[in-house]
Q: 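Okay, handing you the structure first.
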Amino acid sequence: METIQTTLQGVIQDVFGLDIKPELTRTDEQFGDYATNVAMQLAGRLRRAPREVAEELSVSLRGALGDQAADITIAGPGFINITLSDAALGAMATGALSSKPRDYEGKTVLVEYSDPNPFKPLHAGHLYTTLIGDMIARLVSVAGAQTVRLNYGGDVGLHVAKSMWAICRDLGGELPEKLAAVPEADRPAWLGANYAAGNTAYEDDEQAKAEIVAYNKRVYALHTDDDHDSPFAQIYWTCRQWSYDYFAVLYDQLQVVPFDRYIPESSVTPLGVRTVQEGLATGVFEESDGAVIFDGDKFGLHKRVFINSAGLPTYETKDVGLSLTKWTDYQFDKSIIITAVEQLQYMQVVIKAIEQIAPEPAQRTTHLTHGVVKLKGGIKMSSRRGNVVTALDILAAAREAGAATGTNPDEATILAAVKYAFAKNRIGGDTAYDPVESIALEGNSGPYLQYAHARARSIMGKATATPVEAVTDFDGGERSLARKISEYPDVMAHAVSDLMPHHICSYLYELAQTFNRFYENNQVVGNDREAVRLRLVSMYADVLQDGLQLLGITAPDRM
RNA sequence: GCACCCGUAGCUCAGUGGAUUAGAGCGUCUGUCUUCGGAACAGAAAGUCGUAGGUUCGAGUCCUACCGGGUGCACCA
C-alpha cells in the first residue's frame with residue numbers, strides 16, 4: 001500500500017505539480033483492490049471536472065504502476081479503482097506478516113492499566129481494563145515500542161481507612177494474631193465485605209465517620225514512620241499482601257503479560273505532596289477553605305481539591321506524584337493511561353494541573369477510557385454494593401456457560417471467549433457481557449476463531465504437497481482469500497494508530513468468513529492446485545494466529 | 001444548572017466524508033451438502049442510522065439546536 005500510495009503521489013506531482021498525500025482506501029471487491037477519491041479533491045482546486053482529472057491521472061498511473069496493476073478504471077463521480085495483478089497481490093499476501101506498523105519504533109511507551117486498589121474487591125470493570133490494557137500494550141509493542149506495563153493502586157487513602165476500621169472492628173480490636181482465623185480461600189471475600197461495611201458506616205454513622213477519618217491519618221503515618229511492627233501496622237501490611245496475592249490469582253488465570261512494575265500509591269504520595277506545595281508557592285495551586293485546590297475553571301474545566309483541609313493529599317495529588325515518577329524514571333515518549341470513563345473529566349483536570357508544572361510529560365500523556373461492564377440484562381456492576389460481580393465471577397460464568405454447551409471447552413477456550421467478548425466492541429462505550437454468547441460455538445466469538453485456526457492447521461497436516469513459495473496466479477476463490485489476507489497490515493496499522501483492538505476482531509472474523517467461503521467450493525488436498533492452495537491456507541492460519549495473539553488469545557493447533 | 005460520552009435491524013454491535021443496495025453476529029424463516037474437522041455455506045424477512053435544520057459535488061460520519069439514556073461537577077477513588 002505504501003508503494004502504491006507513493007506512486008500515486010508522484011503521479012499527481014508530475015501531472016499537476018501538486019504535492020499532496022492522496023487517500024488510498026480498500027474498496028469493495030467488485031470495484032477493485034484499492035480506490036482513491038483524489039480526483040474529486042483535486043477537481044475543486046483545479047476547477048475542472050472530476051472525471052476528467054481522474055482520466056488524466058489514471059493514464060499516468062497505469063504507466064507508473066506497470067505490471068503491478070492489472071486494471072485501472074474510473075467509476076461513479078470520479079473514483080479511480082486499482083486492481084492489482086495476481087503476482088502483486090500474491091506478493092502482498094505472502095508478505096502480510098512481515099509488514100508491521102512502525103509507529104513506535106525506538107520509542108518508550110508506558111501503559112498503565114488494571115489499577116486495582118488493595119482492600120477492595122476486583123470487580124468486573126477490573127477484568128475489562130486488564131484485558132483491554134494488555135491488548136493495547138501488545139499493539140504498541142508490535143509497532144516497535146519499548147513497552148512498560150504499569151499497575152497503580154491505592155494502598156493509602158480513605159477507602160483503606162474504611163476497610164481498616166471495619167477490619168479492626170471485625171477482629172474485636174487491633175489484634176493481628178486473629179487474622180490467622182480467616183481461611184486463605186475466604187480472604188478476598190472477607191476484605192471485600194469489610195470494605196463494604198466500612199463504606200456503609202462512613203455514610204450512615206457520624207461517629208464511625210469521624211473514626212475513619214482518624215484511621216486515614218494513621219494509615220498515612222504507617223508509611224511516613226515506616227511502621228511495620230505496631231499491631232495496627234501488622235494488620236495493614238498483612239491485608240495489603242493478601243490483596244496483592246489475590247490480584248496475582250486473577251492475572252494468572254487471565255494469562256495476561258505480567259506487569260513490569262506495580263506502583264503503590266504510598267510510594268508516589270511524598271513526591272506529589274512536595275510538588276503541590278511548591279506549586280502553591282508559584283501560584284499553580286491556591287488555598288480555598290483550608291484546602292489546596294487547582295482552579296480548572298480557568299482552563300474550561302472544573303476545580304478540584306488536591307490537599308484537603310485536614311492536610312491529607314487526595315487522589316489528585318498522588319496522580320501528580322505518579323506522573324512525575326513515570327517521567328523521571330522512564331523519560332517516556334508516550335504514556336497511556338486506561339481507566340473507566342467516570343475518570344475522564346477528573347483526569348483532564350489532573351493532567352492540566354501537571355501541565356502547569358511539567359508540560360512535557362503532560363503533553364505526552366494519553367488517557368483512554370472504557371465504559372461500564374454490564375451483565376446481559378443491563379445491570380451495572382458496582383463495588384459500593386455488597387453483591388458485587390467480581391472479575392472472577394465473570395470467568396466462572398463463562399466456565400458455567402461453557403459446561404452447559406456439552407462440548408467441554410478447556411481453559412484456553414474459556415479465556416478466548418471472555419477476552420474476545422471484551423475485545424470486539426470499540427472501547428469507550430459500555431459493554432454488555434453475555435457469557436452464553438461469548439462461549440458460543442458459532443458466530444463472532446473467540447472460540448469460533450480458535451476453531452477456524454485449528455481446522456486450517458488440520459488441513460495442512462493432511463496435505464502431501466509442498467506449498468509454493470510465491471503465489472503468482474489465482475484460480476476460483478483463491479483471489480478473494482489472498483486479497484483478504486493482504487489487508488492484515490492495513491488493519492494492524494489502523495488498530496495501532498487508533499489504539500483500538502476491536503479493529504483486529506472485525507478483521508479476523510471477516511477473514512474466517514472469507515476462508516469458509518473459499519473452502520466450501522475449493523478442494524485443497526488432492527487438487528491440481530494443492531501446492532498453491534496450501535500456501536494460502538498456511539498464510540491464513542498464520543494471520544489468524546498472529547491476530548489472536550495481539551488480543552492475548554491462544555491459537556491451539558487442535559481443540 | 002454546566003460539562004463530557006452515547007442513541008444504527010427484535011437483541012448485541014461494526015461502519016476511514018464517498019459508489020445502482022447502510023453491514024455483521026444472535027434470534028426468526030427457507031435451502032445446500034452422505035464434511036480436506038458442518039463450530040460450514042447459500043438465501044429471505046427485518047432500518048424514516050433519535051428528531052429538525054445546516055455545511056458539502058456527496059453526511060450514519062462534520063456543525064447547530066432539540067429529544068432520550070449514561071457519567072462527572074472541591075475536601076471519595
Side-chain angles (χ1 to χ4, degrees), chain A residues 23 25-28 30-31 35 37 40 43-44 49-50 75-79 81 115 117 120 153-154 157-160 162 199 202 265 288-296 300-310 312 314-316 318-319 339-346 348-349 369 371-372 376 380 383-384 405 407 421 424-426 428-434 436-437 440-445 447-452 454-463 490 494 498 502-503 505-506 509-510 513 515-517 519-527 530 533 537 558-559:
Chain A
E23 246 185 78
T25 56
R26 291 283 182 170
T27 186
D28 259 26
Q30 53 174 318
F31 301 122
N37 61 4
M40 271 112 76
F79 294 100
N81 294 321
D115 291 359
N117 287 327
K120 284 174 78 173
L158 196 62
H159 67 283
V160 178
K162 288 172 181 173
N199 193 57
Y202 183 85
E265 239 175 67
S288 176
D289 293 339
V292 178
I293 67 157
F294 176 74
D295 187 1
L301 302 169
H302 61 272
K303 291 184 174 77
R304 294 203 74 96
V305 170
F306 279 63
I307 294 178
N308 68 24
S309 49
L312 291 176
T314 60
Y315 200 61
E316 286 83 339
K318 300 167 200 168
D319 252 322
T339 73
V341 70
E342 292 98 275
Q343 313 224 356
L344 182 64
Q345 286 163 294
Y346 156 83
Q348 285 173 346
V349 175
T369 63
V372 170
K376 198 184 180 196
K380 182 185 169 181
S383 67
R384 293 277 167 105
T405 62
T407 57
K424 72 178 182 179
N425 291 350
R426 186 166 45 86
D430 294 348
T431 265
Y433 179 69
D434 179 348
V436 173
E437 190 180 294
L441 309 173
E442 62 279 320
N444 191 358
S445 74
Y448 170 92
L449 291 176
Q450 280 188 322
Y451 182 79
R455 199 174 169 209
R457 295 288 182 211
S458 166
I459 294 165
M460 287 157 60
K462 288 215 165 76
D490 296 348
H494 194 191
D498 289 2
H502 79 285
H503 291 310
C505 296
S506 308
Y509 186 66
E510 287 169 18
Q513 283 184 314
F515 177 79
N516 284 332
R517 259 170 233 140
Y519 179 74
E520 191 74 11
N521 301 311
N522 300 274
Q523 184 70 23
V524 175
V525 176
N527 187 273
E530 177 171 341
R533 290 182 178 174
V537 173
R558 265 187 220 94
M559 53 189 294

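Every chain is numbered from 1 and lettered A, B, ... according to where its sequence line falls, protein lines coming before strand lines.
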Q: Contact class for A/Ala454 vs. all strands (heavy atom < 4.0 Å): base, sugar-phosphate, or nothing?
A: base
Q: How is A/Ser309 classified with respect to the nucleic acid when contacts are heavy atoms under 4.0 Å: base, sugar-phosphate, or nothing?
A: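 Base, at least one base heavy atom under 4.0 Å.
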Q: Check whether A/Lys162 reaches the backbone of A/Tyr202 with its side chain - one donor and one acceptor, N or O, closer than 3.5 Å.
A: no
Q: What does the B/S/- profile of nucleotides 14-20 of chain B look like, 5' to 3', with a 4.0 Å heavy-atom cutoff to protein?
A: SSB-BBB
Q: Any side-chain N or O of A/Tyr315 less than 4.0 Å from the OP1 or OP2 oxygen of B/A77?
A: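 Checking A/Tyr315 against B/A77: no side-chain N or O falls below 4.0 Å of OP1 or OP2.
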Q: Mind checking A/Met460 for me? I need base, sugar-phosphate or nothing, with any heavy atom below 4.0 Å counting as a touch.
A: nothing
Q: Return the value, rounded to whole Å, for the distance between atom CD of A/Gln513 and atom P of B/A24.
A: 8 Å
Q: Under 4.0 Å between any heavy atoms, over every strand shown, what does A/Glu265 touch: base, sugar-phosphate, or nothing? Just pick one.
A: sugar-phosphate
Q: How long is the gap from CG on A/Asp295 to CG on A/Leu301, to the nearest 0.5 Å?
A: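 A/Asp295 atom CG to A/Leu301 atom CG measures 10.0 Å (nearest 0.5 Å).
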Q: In whole Å, what is the span from the CG atom of A/Asp430 to the P atom of B/G68?
A: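 Atom-to-atom, A/Asp430 to B/G68, this comes out as 20 Å.
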Q: In whole Å, what separates the P atom of B/U8 from that of B/U16?
A: 16 Å
Q: Classify A/Gly429 by what it touches in the nucleic acid, base, sugar-phosphate, or nothing, heavy-atom distance under 4.0 Å.
A: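 The residue A/Gly429 makes no contact with any strand.
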Q: Taking the side chain as C-beta and beyond, is there a heavy-atom pair between A/Asn444 and A/Glu437 under 4.5 Å?
A: no
Q: Report yes if the side chains of A/Phe294 and A/Arg304 come closer than 4.5 Å at any heavy-atom pair, otherwise no.
A: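 Counting from C-beta outward, A/Phe294 and A/Arg304 never come under 4.5 Å.
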Q: Write down the distance between NZ (A/Lys303) and P (B/C2), rounded to a whole number of angstrom.
A: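 It works out to 17 Å between those atoms.
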Q: Between A/Gln343 (CD) and B/C5 (P), how many Å, whole number?
A: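 Distance check: A/Gln343 CD to B/C5 P gives 17 Å.
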Q: Using a 4.0 Å heavy-atom cut-off across all strands, classify A/Arg517 as base, sugar-phosphate, or nothing.
A: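 A/Arg517: backbone/sugar contact only, no base atoms under 4.0 Å.
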Q: Which nucleotide in the list B/A39, B/C36, B/C76 gets nearest to the side chain of A/Leu158?
A: B/C76
Q: Determine which bases of RNA chain B form Watson-Crick or G-U wobble pairs with both distances under 3.5 Å, and write the result as a 5' to 3' dot-bracket string with | for other-strand partners.
A: (((((((..((((....[....)))).(((((.......))))).....(((((..]....))))))))))))....
Q: By side-chain hydrogen bond (donor to acceptor under 3.5 Å, both in side chains), which residues pair with A/Thr407, not counting sequence neighbours?
A: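 A/Thr405.
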Q: Tell me the closest heavy-atom pair linking A/Ser309 and A/Asp289, and the distance in Å.
A: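 Taking every non-hydrogen atom into account, CB-O, 3.9 Å.
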Q: So, do A/Tyr519 and B/C36 meet the stacking rule of ring centres under 5.5 Å and planes under 30°?
A: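 So A/Tyr519 counts as stacking on the base.
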Q: Quick one: label A/Asn522 by what it contacts on the DNA or RNA (base, sugar-phosphate, nothing), any heavy atom closer than 4.0 Å.
A: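 Base, at least one base atom sits under 4.0 Å.
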Q: Over all strands shown, is A/Tyr509 touching base, sugar-phosphate only, or nothing at heavy-atom distances under 4.0 angstrom?
A: sugar-phosphate
Q: From CG of A/Asn199 over to P of B/C76, roughly how many Å is that when rounded to an integer?
A: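 Result: 12 Å.
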Q: Supply the atom-to-atom distance A/Asn527 CG to A/Asn522 CG, rounded to the nearest 0.5 angstrom.
A: 8.0 Å
Q: Round to the nearest Å and state the distance from A/Ile459 atom CD1 to B/U35 atom P.
A: 15 Å
Q: Given B/A3, is OP1 or OP2 found less than 4.0 Å from the side-chain N or O atoms of A/Gln348?
A: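 Looking at the OP1 and OP2 atoms of B/A3, neither is under 4.0 Å from any side-chain N or O of A/Gln348.
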Q: Would you classify A/Leu344 as touching base, sugar-phosphate or nothing, given that sugar-phosphate means primed atoms plus P, OP1 and OP2, and contacts are heavy atoms under 4.0 Å?
A: sugar-phosphate
Q: Taking salt bridge (Lys or Arg N to Asp or Glu O under 4.0 Å) as the test, write out the residues that go with A/Glu530, two or more places apart.
A: none
Q: Identify, with sequence neighbours excluded, every residue that meets side-chain hydrogen bond (donor to acceptor under 3.5 Å, both in side chains) alongside A/Glu510.
A: A/Lys484
Q: A/Asn444 has an atom CG; how far is it from atom P of B/C26, in whole Å?
A: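 Rounding to the nearest Å, CG of A/Asn444 and P of B/C26 are 9 Å apart.
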Q: Whole angstrom is fine here: how far is it from CD in A/Glu437 over to P in B/U12?
A: 10 Å
Q: Could you work out, with side-chain contact (heavy atoms from CB on, under 4.5 Å) as the rule, every residue matching A/Tyr315, not counting sequence neighbours?
A: A/Tyr152, A/Glu265, A/Asp319, A/Gln343, A/Tyr346
